[in-house]
Amino acid sequence: MFGLADCNNFYASCERLFQPQLNGMPIVVLSNNDGCVIARSNEAKALGVKMGAVFYQIKDLIAQHQIAVFSSHYTLYGDMSARVMTNLARFTPEVEVYSIDECFLGLQGYSNLEAYGHLVRNTVIKNTGIPISLGIAPTKVLAKVANKTAKKKNGVMVLDTDDKIKQILTTYPVEDLWGIGRQYAHKLIAMGIETAEQLRNLPIDWVQTHMTIVGVRLWRELWGESCIPLELTLDRKKAMCTSRAFGKLTGDYTELREATASYMSRLALKLRREQCCATAITVKLQTNRFNPNHRQTFPSITLALLHPVNNTHDLVKTALEGLRKIYVRGYLFQKVEVMATGLIPETEVQLNMFSEYKGAAHDKLSKIMDNLNAHFGAGTLRMATEGQKQRWTLRREFLSPEYTTNWNDIIKTK
DNA sequence: TCTGGGGTCCTAGGACCC
DNA sequence: TCTGGGGTCCTAGGACCC
């Protein structure tokens with residue numbers, strides 16, 4: 001049996017936890033640059049705020065109902081997520097952290113799952129203050145279904161018999177299934193397949209032909225045959241990227257250089273944390289695709305590195321070389337993206353006999369930089385090309401304090 | 001004025017190998 | 001008239017997830 005624990009309205013719950021006067025009040029959390037709504041409390045959902053709604057287009061609604069607004073605060077959410085996961089891990093040795101707010105649990109051999117589920121749920125809520133729901137079923141896909149159903153009931157749902165499964169699937173919208181995205185949903189509904197039960201009654205050959213092997217796995221999981229195992233070890237990443245829209249559009253080469261250098265530095269740090277090196281990097285520029293009155297261009301370039309590296313200096317230098325090659329005057333850019341691909345573990349890097357480079361282990365400068373920045377705060381020591389003023393940085397008008405990760409912001413009680 | 005960011009997997013087709 | 005069989009690797013495009 002698989003359990004799926006999922007935090008309710010996770011980002012909104014994190015913000016509300018530290019402002020209890022907002023209990024029972026509508027809350028929304030915005031994407032980077034305060035662009036669109038990415039999390040809503042139940043009260044905000046009830047007022048008709050849609051997922052992905054564009055913030056400036058719903059400002060009237062927000063004012064009218066006094067909806068509390070927050071900018072994304074991933075330091076806070078990441079820390080709260082870790083607390084939830086630590087608590088969940090006390091209940092089973094088999095834990096797969098699936099996303100920032102979701103976790104699969106291996107529950108094979110456990111008995112009295114209903115009661116156990118409530119124990120898990122109540123413990124997490126008590127210890128972290130974050131409300132969660134728990135779905136338990138014979139497969140991951142069905143655990144997802146159970147979880148979604150649990151959210152509407154008392155927070156725990158166990159699907160342990162064929163009858164229960166059939167009953168739930170009969171009313172379960174096909175587009176809400178894990179693995180059915182917009183395209184498949186569109187195709188299925190056009191054929192009159194509207195529920196999960198109808199989908200699993202389709203012939204498997206049809207599913208194979210139109211939805212590939214991925215669809216077949218989904219189909220089998222709906223019938224209770226587990227095809228998607230728990231992943232108990234972390235796979236090595238294959239690619240990493242840092243991509244962010246600017247706080248304002250810019251065509252200024254100096255600003256684009258600053259942003260590219262900053263994003264690449266951040267990516268280099270991520271690579272070192274994962275203890276891997278990149279063999280190639282891609283730099284991509286984007287104009288604002290939503291504005292039909294703007295001239296559009298999306299230039300991109302991939303550059304191979306002489307040897308796999310993860311040090312800030314070499315990566316920034318290469319990224320700026322890429323930027324120079326793709327930059328065009330006369331466009332207003334909204335975003336730059338840097339991506340590292342062909343990732344190789346630090347310890348398995350093949351050196352180049354014609355180069356002086358000795359490998360990541362000899363990279364003293366990055367180590368010193370990381371240590372200083374860890375101690376004195378991010379950005380204490382950085383590349384000069386990252387700039388001083390950084391006028392292109394994120395808009396985050398509604399940012400909450402770093403309650404759990406910064407001594408200066410810790411909550412004081414009398 | 002203003003529209004997120006970071007990933008994975010699968011398939012088909014082409015280039016290449018012996 | 002007729003043109004093999006068995007592979008690997010890479011890339012682009014399309015789907016999906018949170």
Side-chain angles (χ1 to χ4, degrees), chain A residues 4-7 9-11 28-39 50-60 62 69-74 77-78 81 96-104 140-141 144 147-148 174-188 207-218 227-228 231 234-250 263 266-267 270-271 274 279-280 282 284 286-294 296 300 302 304 332 334-343 394-398:
Chain A
L4 174 64
D6 185 316
C7 302
N9 314 325
F10 182 53
Y11 299 167
V28 297
V29 178
L30 304 176
S31 65
N32 274 349
N33 279 315
D34 298 337
C36 38
V37 172
I38 56 168
K50 294 272 180 291
M51 185 68 172
V54 180
F55 177 52
Y56 77 89
Q57 292 173 351
I58 59 165
K59 273 192 169 156
D60 288 347
I62 284 175
V69 177
F70 293 92
S71 301
S72 294
H73 193 166
Y74 291 104
Y77 312 150
S81 170
E96 176 191 343
V97 177
Y98 178 66
S99 74
I100 194 165
D101 72 333
E102 273 177 71
C103 185
F104 285 106
K140 278 182 160 182
V141 166
K144 278 268 189 186
N147 183 285
K148 208 150 198 166
V174 73
E175 70 267 26
D176 289 350
L177 281 171
W178 188 43
I180 300 296
R182 240 200 324 224
Q183 305 297 324
Y184 285 147
H186 188 76
K187 183 146 77 175
L188 290 167
V207 176
Q208 165 75 59
T209 309
H210 293 92
M211 301 173 69
T212 77
I213 187 70
V214 184
V216 172
R217 277 199 288 259
L218 166 64
C227 303
I228 309 172
E231 294 191 9
L234 276 182
D235 284 352
R236 273 206 314 261
K237 282 200 202 313
K238 291 161 185 154
M240 276 193 235
C241 88
T242 297
S243 159
R244 211 152 285 149
F246 309 132
K248 65 171 187 61
L249 300 178
T250 180
Y263 292 11
R266 180 179 286 266
L267 186 54
K270 283 198 234 170
L271 284 166
E274 293 272 328
T279 51
T282 302
K284 200 185 283 182
Q286 283 183 32
T287 47
N288 181 1
R289 67 186 193 282
F290 292 106
N291 192 332
N293 302 319
H294 276 172
Q296 301 287 331
S300 137
T302 299
L332 280 174
Q334 183 194 35
K335 180 190 267 193
V336 62
E337 175 177 319
V338 288
M339 181 154 64
T341 48
L343 304 190
L394 289 180
R395 259 195 325 273
R396 296 203 283 183
E397 260 184 71
F398 314 100

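These numbers were taken from a predicted model, which means no experiment stands behind them. Here is the naming used below: chain letters follow the sequence lines, and residue numbers restart at 1 for every chain.
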### Task
Identify whether any heavy atom of A:Ile213 sits under 4.0 Å from a base atom; if not, whether one sits that close to sugar-phosphate; answer base, sugar-phosphate or nothing.
sugar-phosphate
### Task
Tell me what A:Thr242 touches on the nucleic acid: a base, only sugar-phosphate, or nothing, going by heavy atoms under 4.0 Å.
sugar-phosphate
### Query
Between A:Thr287 and A:Gln334, is any side-chain donor less than 3.5 angstrom from a side-chain acceptor?
no
#### Entry: From B:dG7, B:dG4, C:dC18, nucleotide with atom closest to A:Lys270 side chain
B:dG7
### Message
Any salt bridge linking A:Lys140 with A:Glu231? Criterion: basic side-chain nitrogen under 4.0 Å from a carboxylate oxygen.
### Response
no
### Query
Which part of the nucleic acid, if any, lies within contact of A:Met240, taking any heavy atom under 4.0 Å across all strands shown: a base, the sugar-phosphate backbone alone, or nothing?
sugar-phosphate
### Atom pair distance, as rounded to whole Å: NZ in A:Lys335 and C1' in B:dC2
15 Å
### Dot-bracket line, read 5' to 3' along DNA chain C, where crossing pairs take [ ] and | marks a partner on another strand, Watson-Crick or G-U under 3.5 Å
....||||||||||||||
### Pair A:Trp178 + A:Phe104: ring centers closer than 6.0 Å
yes
### Task
Could you tell me whether the side chain of A:Ser81 and the main chain of A:Asp101 form a donor-acceptor pair under 3.5 Å?
no
### Task
Look at all strands and tell whether A:Leu332 reaches a base, only sugar-phosphate, or nothing, counting heavy atoms closer than 4.0 Å.
nothing
#### Entry: Criterion side-chain contact (heavy atoms from CB on, under 4.5 Å) on A:Val338 and A:Thr282, from CA distance to verdict
CA-CA 6 Å; A:Val338 288; A:Thr282 302; over 6 Å; no
### Query
Of A:Lys59 and A:Ala239, whose nearest nucleotide on DNA chain B comes first from the 5' end?
A:Lys59
### Task
Would you indicate what A:Ile180 reaches in the nucleic acid, counting non-hydrogen atoms under 4.0 angstrom: base, sugar-phosphate, or nothing?
sugar-phosphate
### Task
Mind listing the closest non-hydrogen atom pair of A:Val69 and A:Phe398 along with its distance?
O-CB, 3.4 Å
### Query
Once each nucleotide of nucleotides 8-15 of chain C is scored for protein heavy atoms under 4.0 Å, what B/S/- sequence comes out, 5' to 3'?
-------S
### Query
Taking atom types as modelled, is there a side-chain donor on A:Ser71 or A:Asp34 under 3.5 Å from an acceptor on the other?
yes
### Summary
For A:Met51 and A:Ile38, the nearest pair of non-hydrogen atoms, with its separation, is CE-O, 3.0 Å
#### Entry: Separation of C:dC16 P from A:Glu175 CD (nearest whole Å)
12 Å
#### Entry: Sugar-phosphate, base or nothing in reach of A:Ala53, heavy atoms under 4.0 Å
nothing
### Query
What nucleic acid atoms does A:Lys248 come within less than 4.0 Å of, heavy atoms only: base, sugar-phosphate, or nothing?
nothing
### Task
Quick one: label A:Val54 by what it contacts on the DNA or RNA (base, sugar-phosphate, nothing), any heavy atom closer than 4.0 Å.
base
### Task
Return the 5'-most residue of the pair A:Arg236, A:Arg289 with respect to DNA chain B, ranking by each residue's nearest nucleotide.
A:Arg289
### Task
Tell me, please, which residues at least two apart from A:Lys248 pass salt bridge (Lys or Arg N to Asp or Glu O under 4.0 Å).
A:Glu255
### Message
Using a heavy-atom cut-off of 4.0 Å across all strands, would you classify A:Leu30 as base, sugar-phosphate, or nothing?
### Response
nothing
### Query
Whole Å only: how far is the CD1 atom of A:Ile38 from the C1' atom of C:dC18?
10 Å
## Note on the structure
A:Tyr74 OH to B:dG7 P, in whole Å, measures 13 Å
### Message
I want to know whether A:Phe70 and A:Tyr11 have ring centres closer than 6.0 Å.
### Response
no
### Task
Mind checking the OG1-CE spacing from A:Thr341 to A:Met240? Nearest 0.5 Å is all I need.
11.0 Å
### Task
Just compare B:dT3, C:dC18, B:dG5 and give me whichever is closest to any side-chain atom of A:Asn32.
B:dG5
### Query
At under 4.0 Å between heavy atoms, what does A:Tyr98 touch on the DNA or RNA strands: base, sugar-phosphate, or nothing?
sugar-phosphate
### Message
Heavy atoms only, 4.0 Å cut-off, all strands: where does A:Lys144 land among base, sugar-phosphate and nothing?
### Response
sugar-phosphate
### Query
To the nearest angstrom, how far is A:His73 atom NE2 from B:dG4 atom P?
20 Å
### Task
State which of B:dG4, B:dG6, C:dC18 makes the closest approach to the side chain of A:Phe290.
B:dG4
### Task
Send over the distance from A:Leu249 CG to B:dT1 P, rounded to a whole Å.
12 Å
### Task
Under 4.0 Å between any heavy atoms, over every strand shown, what does A:Asp101 touch: base, sugar-phosphate, or nothing? Just pick one.
sugar-phosphate
### Task
Return the value, rounded to whole Å, for the distance between atom CD of A:Glu231 and atom P of C:dC17.
16 Å
### Task
Take atom CZ of A:Arg396 and atom P of B:dC2, then tell me their distance rounded to the nearest Å.
20 Å
### Task
Select base, sugar-phosphate, or nothing to describe what A:Gln334 touches, counting heavy atoms under 4.0 Å on all strands.
sugar-phosphate
